[in-house]
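Written out below as structure tokens is the structure these notes cover.
Residue numbering restarts at 1 for every chain, and letters A, B, ... go by the order of the sequence lines.
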There are 2 protein chains.
Amino acid sequence: MASSRTTIGKKSYQLFFGTLANETRLTLINALREKSLNVTQICETTGFEQSLVSHHLKMLEYHGMVFKKEQGKFRYYTVNEKTIKPLLEFIDAHMKEYCCKILAGKR
Amino acid sequence: MASSRTTIGKKSYQLFFGTLANETRLTLINALREKSLNVTQICETTGFEQSLVSHHLKMLEYHGMVFKKEQGKFRYYTVNEKTIKPLLEFIDAHMKEYCCKILAGKR
DNA sequence: TTTTCATATGAAAAGCTGTTCATATATTTA
DNA sequence: TAAATATATGAACAGCTTTTCATATGAAAA
């Protein structure tokens, strides 16, 4: 049994990381870190087009990174703090320690 | 001061996640989780072409996810356990809790 | 010192992802 | 119920990423 190994396949990781490997989606997540917003409010905050925002929110929701709450004709989105916050903190620590080339400004 | 917020920009996250959002690179990381291997050994283990492996290792190294150790004409690569292991464990936990749609088998 | 082995790299082709546009659906208001 | 508002979705195009191929570089062995 190769057991301390994860039980979740490469494809799943690829989808998870792929979901976060996008500047637009990271902007949406960041916008939602303050508080829940509906789609129109997200568009106002970020300056992105409505259909673009909807497409990306769908993907974020599908991967459990945001949650949707229906309220009349509005759809309020909330960031999954439990995942997103520690994840970004963890990565900050990695970057500070290892990614000198990136932090140095190039690329 | 929006201070508990990360100091590292969206672009850096995009590059970090983008590096891991690829099945080939995840396969390389997985191959290296057992032990350090040189490029030829990685090719044997994974079945990938040498130039493909070199391209991807370069990216992984650049982002601090693997380390390279020169030994004569060989280049031994080691996974960055400190980052990769807890990261994958963390994501497993996220998946188990939120990504039912993915785990259910579709996509 | 020529050949062989190990790895790296640049450029082109193939494949994938993001954005836009047009439009659909669903809810509320007039 | 017609019009307005809020959100979602499919398809096409543009742009980016991955893979392949040809070849370069560098170290070791013959």
Side-chain angles (χ1 to χ4, degrees), chain A residues 10-32 36-63 65-79 101-102 106-107, chain B residues 10-32 36-63 65-79 101-102 106-107:
Chain A
K10 258 165 272 161
K11 199 81 199 172
S12 299
Y13 289 121
Q14 189 190 183
L15 292 170
F16 180 94
F17 291 123
T19 301
L20 295 171
N22 176 282
E23 221 176 332
T24 304
R25 286 189 291 272
L26 290 168
T27 302
L28 298 182
I29 286 172
N30 203 52
L32 294 173
S36 289
L37 296 173
N38 64 46
V39 177
T40 303
Q41 292 172 322
I42 295 170
C43 293
E44 282 162 5
T45 307
T46 60
F48 296 142
E49 293 251 19
Q50 180 272 313
S51 89
L52 179 62
V53 169
S54 282
H55 278 301
H56 284 301
L57 286 171
K58 187 182 185 179
M59 185 167 179
L60 288 169
E61 192 205 5
Y62 185 84
H63 290 273
M65 289 159 193
V66 304
F67 305 121
K68 173 159 71 171
K69 202 173 47 183
E70 320 215 336
Q71 213 170 107
K73 63 179 172 178
F74 301 100
R75 301 291 178 269
Y76 280 84
Y77 284 88
T78 309
V79 83
K101 289 169 201 162
I102 295 164
K106 253 221 109 181
R107 214 179 184 182
Chain B
K10 258 166 272 161
K11 198 83 199 170
S12 298
Y13 289 121
Q14 191 190 180
L15 292 170
F16 180 94
F17 290 122
T19 301
L20 295 170
N22 177 284
E23 222 177 331
T24 304
R25 285 189 292 271
L26 290 168
T27 302
L28 298 183
I29 286 171
N30 202 51
L32 293 174
S36 288
L37 297 173
N38 65 45
V39 177
T40 304
Q41 292 171 322
I42 295 170
C43 292
E44 281 161 6
T45 307
T46 61
F48 296 140
E49 293 251 18
Q50 180 270 314
S51 88
L52 180 61
V53 169
S54 282
H55 280 302
H56 284 300
L57 286 172
K58 186 181 185 178
M59 185 168 179
L60 288 168
E61 193 206 5
Y62 184 84
H63 290 273
M65 289 158 193
V66 305
F67 305 120
K68 174 159 71 172
K69 202 175 46 183
E70 320 215 337
Q71 213 171 109
K73 62 179 172 177
F74 302 99
R75 300 291 178 269
Y76 280 85
Y77 284 88
T78 309
V79 83
K101 289 167 201 163
I102 295 164
K106 252 221 108 183
R107 211 178 185 183

### Query
For E70(A) and dT7(D), what is the distance between atoms CD and P respectively, to the nearest whole Å?
11 Å
### Task
Report the residue (S51(A) or L57(B)) whose heavy-atom-nearest nucleotide on DNA chain C is the more 5′ of the two.
L57(B)
### Query
How would you label the contact of H55(B) with the nucleic acid (heavy atoms, under 4.0 Å): base, sugar-phosphate, or nothing?
base
### For T40(A), side chain to side chain donor-acceptor pair (under 3.5 Å) partners two or more places apart
none
### Message
Does dT17(C) have its OP1 or OP2 closer than 4.0 Å to a side-chain nitrogen or oxygen of R25(A)?
### Response
no
### Message
Rounded to whole Å, please give me the gap between CD in Q71(B) and C1' in dC5(C).
### Response
16 Å
### Query
Looking at Y77(B), does any N or O in its side chain come under 4.0 Å of the phosphate oxygens OP1/OP2 on dA8(C)?
yes
### Task
Give the rounded distance in Å between these two atoms: CZ of R75(B) and C1' of dT25(D).
10 Å
### Message
Rounding to an integer number of Å, can you tell me how far K68(B) NZ sits from dA8(C) P?
### Response
4 Å
### Task
Would you mind reading off the distance between Q50(B) atom CD and dA8(C) atom P, rounded to a whole angstrom?
7 Å
### Summary
Side-chain atoms of E49(A) come closest, of dT7(D), dT20(C), dG18(C), to dT20(C)
### Protein-nucleotide distance (L52(A), atom CG; dT7(D), atom P), rounded to Å
15 Å
#### Entry: Sugar-phosphate, base or nothing in reach of F48(B), heavy atoms under 4.0 Å
nothing
#### Entry: K58(A) vs dT9(D): side-chain N/O to OP1/OP2 distance below 4.0 Å
yes
### Summary
Taken to the nearest whole Å, CD1/I42(B) to P/dC5(C) is 20 Å
